[in-house]
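Written out below as C-alpha cells is the structure these notes cover.
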Amino acid sequence: MRPLVAAAVIALGAGCAGDPPPPPPVKASVAAPSSTAIVALGTGAMTALAEALASAYRGEPAVRVEASVGSSGGVRAAADGAVDLGMVSRPLNQGERAQGLVEVKVATAAVALAAGPTLGAAGVTSRELVDLCSGIHSTVGAEQATLLLRDRDESANIAIERLVPGLREAREEAYRARRFRVIYHEAAMREALVSTERSLGLLDLAAITPPLRALALDGVTPSVEAMREGRWRATRDLSFVYRSDREARVEPFLRFVRGPEGRRIIEQQRAIAHGSEAP
Amino acid sequence: MTELELTSWFRRRMAALVASISLVAAAVAPVVYHLEKRAELVTIARADAARVAAAIADLVHQRQQFWRYDASKLAERLAGEGLDRLAALSVRDASGRAVGVDRVASSPQAPLLWGMAHVEIDGRREATVWVAADATALHRGTALLSVLSALVWLVLGALLYQVPVRVIARAERRIAGLMGQLALTMQEGERSRIARDLHDGAGQALTAARLQLLSARKRADGDAARAPLEAAMKLIDEALDEVRRSTTALMPPSLAELGLLGAIERHAEAFGQASGVRVRCELSTSLPRLEPHAETALYRIVQEALTNVARHADASDARVCLKARGGEVCLTVEDNGRGIEGDRKGGSGLDSIAERARLVGGKMSVENAGSGTRLTVRIPSA
C-alpha cells in the first residue's frame, strides 16, 4: 500500500511541476540570400511603392516584395540577412543603427486620416480628433464616428502627432482603456476602414483610394502639393536598409530607384522622391 | 510493591505516535493545496501558451517564412487581448532563435511555473511558446496554510495526547488502589490466620498445661512440693497473657464494631497500660468517610507508630492526632522522647508505615519536633 501511495504522490507532484523553462536563445546566423530574387520586407507604408518599383525594374535578379511586417521587422530581417532590403518608415533607433546597416532614403510620404465610405465628414479638427481619441466625444462634426487606432509602434502615429498637440497622450490613454480596435498593418487598416461603419483611421496617403477618402485636418487637405509647400507636415521618410555585404547585390535596384524612372514612380505613388545620388 | 509505570510507558508511546500523526496531518492540507494550485497555474499557463501558439500559427499562415519578423506586432496584439498579465513569455522558432516577443518577469526572483505549447503547421514544428505564471501568491498561500495547519494540529495533537493519557493515568491510579487494597486484605487475612493459630494452638496447649499443673498442685503435699508447681503456673499464666495480647494485636476488635476512632482509643489505652507511656488522643469527630482498607491501614499505622515510641523513643508522653484537612485525612503521632537521628529515619517500622500509607495512596513524613519525634501520614479521603 505504501509504495502505491508514494508513487501516486510522486506522479501528482511531477504532473503539477509544469514544463521546463525556455532555453537561452540561439544566436541567429546570417542567412544566405535568395538565389532567385532580391527580397524586400518591412513597413506596409512602403509596400505599394516598393511593389510598383519592383514591377518596373527590369534588372537581374528581380525584386520581390513580401507582405508587411512593420519597420522593426524589416530592420531585423535585413540584419539577419533573411532579406536583402528592409523597408522602414521611421528613423532607425540607436540599437538598430549599431547593427551597421546601410540606410538609403528614397522618398517622403504623407500620412493622413482616411474616412470609410459611410462617414460623410470632409474634415476633422485637432480638437475633435483629440476628444474622439479621449472618449470625450464620439462625433466628427455632427456625425457619429468610430476611430480605428494603429498599433503603438506605428510611425504614422508619430507623423500625425506633429500636427495635433495632445494626441499622443490621448492615444496612450485609449490603449490603456482598450477603447478602440487596434489595427496592426496598413492593408488591414484599409480593409477595416472599408468594412467598419462611419470609421476613420490613419493611412499612408498613397493607400487612400476609393472608396476611402482623405480627411482635411484643421482645414488643410493632405496632398503632395501641400507637403511640398510645407502646409502638410504629417510626413514620414521611407527608406531601404541593407547589410553592407549585400551592397553589390542591391546596388543596381537602388540605382534604378534613385534614377528618373524610379523618381517618376515615386511621384506617381503620391510621395516626394529624395536625392538622386547612387548608393 | 513496584509501581505499574503504565502512565509513563503510555506517555512515551503516545507522544511519538501523536507527534507522527500530527506532523503528517499538518502537512496534508498545505501539500494538497500547493499541488492543486500549482496544477491550476500550470494548466492556465499551458492554456495561455496555446493561445499564443494559435496566434503565431495564424501569423505563420499569413507571413510564412517571415512570420518571426512580424512577431513584435503580435506581442502588442496579445497584450491588447489581456495577455500582458503574463508573468513571462518566450517564443523560439524551430532553430531556437528568439523572435522578439520575449517578456521577462517583472521580479527576477519571482518563482515561475512554465507552460509550453508548440506551433505546428502541417506536421512541421515552426515554433515553441513558453508562458510563465507567477507562483509568488501560491508560495505565500502555502506558507500561510502551513502555519495555520501547524497551529491547528498543535492544539489537536495536544488533545489527542492528553485525553487518553489522562484516562490511562486514572486507570493506573485505580489499579494501584485496588492492588493496595488487595495487599492490605491479604495482610489482614494472614494476621487473622496467625492469630487463630496462636489461639487454637499455643493458647489451647498452654491452657491444658495450666489445668494439669493445677490438678498436680491440688494433689501435692506440702509447700515444697507446691512451690515449683505454682512457679510453673505463673509462667504459663504470663505466656497465656502474651498469647492473648499477640492475638489481640494481630486480630483487633472489628473496626466495624468500634469504628476507627473507638479502635484507636482502645489501643492507645491498652498501649499506655502495657508500656507506661501516657497517650493522649485528639481525634476529630468530623472525619470524612474512609474506605475500610484505608481505616485498617490508619489503625495499623497507629499501632506501629506507638510500638516505635515504646521501643526507640524513650518517651514518657505521646499524642495521637487525627483530623481532616483539604481533601486529606492527616494522622500525627508525636512523642517527647529523644528524637530520631538522621541515619535511623529509615528503620523497618517506618518502612512498614510508609508502605501502608503508599498502598492507600498516601504519604508519610517523619521529623524531629522539639525534643521528640513527629510522624505524619496523609491519605486522600474518599
Side-chain angles (χ1 to χ4, degrees), chain A residues 8-29 31 34 39-44 65-80 82-83 86-87 149-154 174-185 187-188, chain B residues 28 31-32 34-46 49 59 62-77 79-82 84 88-100 102 104-105 111-117 128-133 135 138:
Chain A
V9 171
I10 289 168
L12 183 62
C16 301
D19 296 314
V26 169
K27 193 170 162 36
S29 55
S34 163
V39 181
L41 176 75
T43 177
V65 181
E66 294 289 343
S68 160
V69 296
S71 297
S72 303
V75 170
R76 284 186 18 243
D80 284 351
V83 300
M87 300 187 298
L149 285 180
R150 296 302 297 268
D151 56 287
R152 257 196 181 95
D153 294 336
E154 173 54 43
Y175 288 134
R176 278 192 298 273
R178 296 185 181 154
R179 194 171 292 132
F180 304 107
R181 239 170 89 196
V182 178
I183 312 295
Y184 292 87
H185 294 291
Chain B
V28 165
V31 165
V32 170
H34 187 85
L35 291 176
E36 278 193 5
K37 285 296 176 187
R38 190 167 66 167
E40 205 176 287
L41 286 177
V42 169
T43 300
I44 292 171
R46 285 177 178 158
L59 197 59
Q62 292 169 22
R63 300 284 182 263
Q64 297 183 5
Q65 67 186 111
F66 298 114
W67 68 268
R68 59 182 56 81
Y69 298 110
D70 204 13
S72 54
K73 284 187 182 282
L74 171 67
E76 193 183 329
R77 198 179 89 209
E81 291 174 5
D84 53 344
L89 170 66
S90 194
V91 179
R92 300 278 182 273
D93 66 13
S95 306
R97 293 176 294 178
V99 297
D102 285 14
V104 297
L112 300 177
L113 290 170
W114 291 94
M116 185 177 70
T128 304
V129 177
W130 282 269
V131 166
L138 166 65

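Here is how names work: the chains are called A, B, and so on, in the same order as the sequence lines, proteins then strands, and each is numbered from 1.
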Side chain, backbone, both or neither: which part of [X] has a non-hydrogen atom closer than 4.5 Å to chain A?
X: Ala45(B); value: neither
X: Trp130(B); value: side chain
X: Ser95(B); value: backbone

#### Entry: Point-to-point distance, once rounded to the nearest 0.5 Å, from CD of Gln62(B) to OG of Ser68(A)
10.5 Å

### Query
Do Arg97(B) side-chain atoms and Ala94(B) backbone N/O form a donor-acceptor pair below 3.5 Å?
no

### Query
Does any N or O in the side chain of Arg68(B) come within less than 3.5 Å of the main-chain N or O of Ala98(B), such that one atom is a donor and the other an acceptor?
no

### Query
Relative to chain B, which of Val83(A), Leu41(A), Val182(A) shows the most heavy atom pairs under 4.5 Å?
Leu41(A)

### Query
Are a donor atom and an acceptor atom from the side chains of His185(A) and Asp70(B) found within less than 3.5 Å of each other?
yes

### Message
If I measure from the heavy atoms of chain B, does Val39(A) come under 4.5 Å with its side chain, its backbone, both, or neither?
### Response
side chain

### Task
Can you sort out the partners of Arg92(B) under salt bridge (charged side-chain N to carboxylate O under 4.0 Å, His left out), two or more places apart, ordered by chain and number?
Asp102(B)

